[in-house]
2 protein chains.
Amino acid sequence: MQELADRTLAGIGSSADNKVDCSSRFLLDQIADKWSVLILSALCDKPLRFNELKRCLEGITQKALTQALRRLERNGILARRVIPSSQIAVEYSITPLGRTLEEPFRALYTWTINHVDTVLQAQLAFDERDKEPL
Amino acid sequence: MQELADRTLAGIGSSADNKVDCSSRFLLDQIADKWSVLILSALCDKPLRFNELKRCLEGITQKALTQALRRLERNGILARRVIPSSQIAVEYSITPLGRTLEEPFRALYTWTINHVDTVLQAQLAFDERDKEPL
DNA sequence: CGGTATCCAAAAAGATACTG
DNA sequence: CAGTATCTTTTTGGATACCG
């Protein structure tokens with residue numbers, strides 16, 4: 001398993017026949033989505049309750065947030081703790097496993113911050129190109 | 001811009017009021033998906049033609065591949081080059097901008113390889129828990 | 001507060017056929 | 001080979017209402 005991890009990106013997930021590894025594909029499907037990155041970002045500082053989280057991710061619906069949280073919990077990335085009180089409270093916190101994702105996610109996130117302008121320009125250029133194909 | 005990039009993940013994309021930055025959200029939506037990671041992985045070694053790529057990503061439909069490639073091209077991550085010949089050939093290659101994504105993607109990819117077992121176990125545990133809620 | 005259930009519309013995925 | 005076009009089926013998103 002370590003030998004796989006040590007491969008360069010070029011070889012990552014590829015076996016000798018150059019086919020991409022199925023297990024990584026499955027996991028990427030589980031974790032490589034916008035809300036997971038943003039939720040983990042929000043929680044990596046300190047635990048948050050459902051509605052606190054919802055306010056951080058302004059624009060997310062409670063349905064989408066619930067679904068994303070369930071998947072992250074199921075995958076062991078974060079923990080859900082019900083705090084019994086008169087007004088029920090549910091606290092979400094990052095697990096040790098989730099912590100190991102912090103670095104990769106930060107790298108991704110930092111990239112988006114640093115390159116958003118470049119990407120925007122590329123999009124403009126691309127859209128101009130096929131607007132006038134002559 | 002650099003000051004943003006230097007924040008911890010906790011603060012990433014958050015402004016003073018703790019709300020997540022919209023531009024990073026938009027970009028994450030564009031790049032943080034399974035096929036983008038896998039396609040870039042495949043291309044980061046050497047350029048590949050459409051069907052070569054398709055074979056690497058065994059299981060992807062040509063529609064999904066075409067769409068992912070178009071988005072990556074539009075975002076300036078990879079370049080499309082038509083090689084005129086009797087049998088038409090189209091070569092996809094990583095751009096300099098795409099190269100800057102190589103590291104973040106590799107980090108993500110490596111994580112999936114290293115943690116797939118742990119996640120699988122977490123899923124089993126989770127699924128057992130609510131199978132028998134008594 | 002922190003959800004679940006339901007319904008509908010919209011979008012995405014998939015299969016198949018066709019083309020320069 | 002490298003797609004596009006079309007159609008069908010699934011999934012998703014969003015709004016709303018309700019519950020412990």
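Every chain is numbered from 1, with letters handed out A, B, ... down the list of sequences.
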| task | Please determine, for the side chain of R70(A), which listed nucleotide (dT4(C), dG2(C), dG3(D)) has the closest atom? | result | dT4(C)
| query | Between dT4(D), dC1(C), dA2(D), which nucleotide gets closest to the side-chain atoms of N51(A)? | reply | dC1(C)
| task | Check salt bridge (Lys or Arg N to Asp or Glu O under 4.0 Å) between R80(A) and all other residues, then give those that pass, not counting sequence neighbours. | result | none
[X] side chain near [Y] side chain, heavy-atom distance below 4.5 Å:
| X | Y | answer |
| --- | --- | --- |
| W111(A) | L27(B) | yes |
| L65(B) | I39(B) | yes |
| L53(A) | I60(A) | no |

| Does a nitrogen or oxygen in the side chain of Y92(A) sit under 4.0 Å from OP1 or OP2 of dG3(C)? | yes
| request: Examine dG2(C): is either OP1 or OP2 under 4.0 Å from a nitrogen or oxygen in the side chain of R49(A)? Give yes or no. | output: yes
| field | R74(B): side chain to side chain donor-acceptor pair (under 3.5 Å) partners, not counting sequence neighbours | value | D127(A)
| field | Q62(B): side chain to side chain donor-acceptor pair (under 3.5 Å) partners, not counting sequence neighbours | value | none
| Value in whole Å for how far the C1' atom of dA2(D) lies from CZ of R55(B) | 12 Å
| query | Of all of residues 73-82 of chain A, which get a heavy atom below 4.0 angstrom from DNA chain C, listed by number? | reply | R80(A)
| field | Difference in axis direction between the ends of the helix from dC1(C)-dG20(D) to dG20(C)-dC1(D), five pairs, 10° | value | 50°
| query | How many angstroms lie between atom SG of C44(A) and atom CG of L78(A), to the nearest 0.5 angstrom? | reply | 12.0 Å
| How close do L97(B) and N75(B) get, heavy atom to heavy atom, and via which atoms? | CD2-O, 3.5 Å
| request: Would you sort out whether E52(B) and R55(B) count as a salt bridge (charged side-chain N to carboxylate O under 4.0 Å, His left out), showing the intermediate values? | output: CA-CA 5 Å; E52(B) 291 177 319; R55(B) 276 187 290 274; 5.5 Å; no
Can you tabulate the close N/O pairs, meaning under 3.5 Å, that link protein atoms to atoms of nucleotides 14-20 of chain D?
residue	atom	partner	partner atom	Å
dG14(D)	N7	K63(A)	NZ	3.3
dG14(D)	O6	K63(A)	NZ	2.5

| message | Please check this pair: side chain of T110(B) against backbone of R106(B), looking for a donor-acceptor N/O pair closer than 3.5 Å. | response | yes
